[in-house]
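Working notes for the structure below.
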Amino acid sequence: MRYWLMKSEPDDVSIDDLAARPGGTVPWYGVRNYQARNLMRDAMTVGDPVFFYHSSCAEPGIAGIARVASAAYPDATQFDATSPYYDAKATPETPRWLNVDVQFVRKTRLIGLAELRAQAELANMRVLARGNRLSITEVEPAEWRYITRELMGLRED
DNA sequence: GCCAACGTTGGC
DNA sequence: GCCAACGTTGGC
């Protein structure tokens, strides 16, 4: 089992939007970066825990917990000419972009970016690395434990 | 709106 | 394969 952090713009899909979805599940559509795509395809397993991170918004930070709910499969938006994520070079026979489904687990208090940066225990967290632009990053088990227990006050994982 | 950082594209 | 130009991310 591996742990992940996935960024979403709350104007698009917030943690509350995720919770309100049928089954609490949403396809993680719109990833157009090969590294992030490959993580979904090669490294994620159904059941992996995910920090749901709000980005490009007034209060960026971790807003809740989700889990990986499917294997990677072709992202439908790449075939949709009306979608901002349309890719003319992708066809159903040779899809370029994949997504997993992500399922709501719980909403937490917002752990803001500044708060994350202030933790010595999180100094090496991938998402905090200088210049990081990946929308999906791995979280080390010790970092996951620290955030869930010390910052969120959760008893269990 | 600004800007740093970095990925992608395309000419050569 | 190099690399400049361009586009995107995302915090501030």
Side-chain angles (χ1 to χ4, degrees), chain A residues 2-21 25-44 48-69 72-140 142-144 146-148 150-152:
Chain A
R2 296 166 84 168
Y3 298 89
W4 306 99
L5 181 145
M6 300 174 80
K7 294 180 181 176
S8 180
E9 300 188 12
D11 286 350
D12 188 2
V13 181
S14 70
I15 188 73
D16 291 327
D17 295 332
L18 182 67
R21 299 267 310 179
T25 298
V26 73
W28 205 261
Y29 59 83
V31 169
R32 294 296 179 267
N33 170 285
Y34 290 105
Q35 244 183 296
R37 180 201 69 180
N38 295 349
L39 287 174
M40 289 194 286
R41 186 188 62 194
D42 304 331
M44 284 186 172
D48 281 357
V50 174
F51 284 136
F52 191 101
Y53 181 97
H54 284 175
S55 70
S56 293
C57 60
E59 292 185 289
I62 297 170
I65 294 175
R67 67 181 201 98
V68 176
Y73 61 94
D75 177 342
T77 62
Q78 71 193 303
F79 311 126
D80 176 1
T82 69
S83 167
Y85 300 114
Y86 178 66
D87 185 340
K89 293 180 179 167
T91 67
E93 293 71 34
T94 57
R96 255 195 194 191
W97 305 111
L98 306 173
N99 57 212
V100 298
D101 289 339
V102 169
Q103 184 174 34
F104 178 80
V105 173
R106 73 206 306 161
K107 186 176 178 178
T108 65
R109 79 175 176 90
L110 190 100
I111 315 294
L113 183 57
E115 181 174 359
L116 292 171
R117 288 196 188 284
Q119 314 299 318
E121 292 84 350
L122 304 179
N124 295 320
M125 213 176 158
R126 285 289 305 281
V127 72
L128 304 179
R130 183 166 180 267
N132 172 69
R133 284 174 41 192
L134 261 191
S135 60
I136 300 174
T137 52
E138 188 163 6
V139 176
E140 297 304 320
E143 295 165 346
W144 182 276
Y146 181 79
I147 292 169
T148 54
E150 306 304 323
L151 300 185
M152 293 175 171

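Labels below follow one simple rule: chain letters A, B, ... track the order of the sequence lines, proteins then strands, and each chain is numbered from 1. Bear in mind that the values here come from a model prediction, so they are computed numbers and not experimental data. Values below: all heavy atoms of this structure, side chains included; hydrogens, waters and symmetry mates excluded.
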Fill in the blank from the handout: Per-nucleotide protein contact along nucleotides 6-12 of chain C, 5' to 3', at a 4.0 Å heavy-atom cut-off (B base, S sugar-phosphate only, - neither), is -BBBBSS
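With the nearest nucleotide of DNA chain B identified for both A:N33 and A:K89, A:N33 has the one nearer the 5' end.
Applying the ring pair (Phe, Tyr, Trp, His ring centres under 6.0 Å) test to every pair with at least one member in residues 93-135 of chain A, sequence neighbours left out, gives these pairs: A:Y34-A:W97.
When the side-chain hydrogen bond (donor to acceptor under 3.5 Å, both in side chains) test is applied to A:R41, the partners found at least two apart in sequence or on another chain are A:N38. A:Y29 pairs by the side-chain hydrogen bond (donor to acceptor under 3.5 Å, both in side chains) definition with A:D12, not counting sequence neighbours. Taking A:R2 as the reference, A:E138 meet the side-chain hydrogen bond (donor to acceptor under 3.5 Å, both in side chains) condition, with sequence neighbours excluded. Applying the salt bridge (Lys or Arg N to Asp or Glu O under 4.0 Å) criterion to A:R32, with sequence neighbours excluded, gives A:D75.
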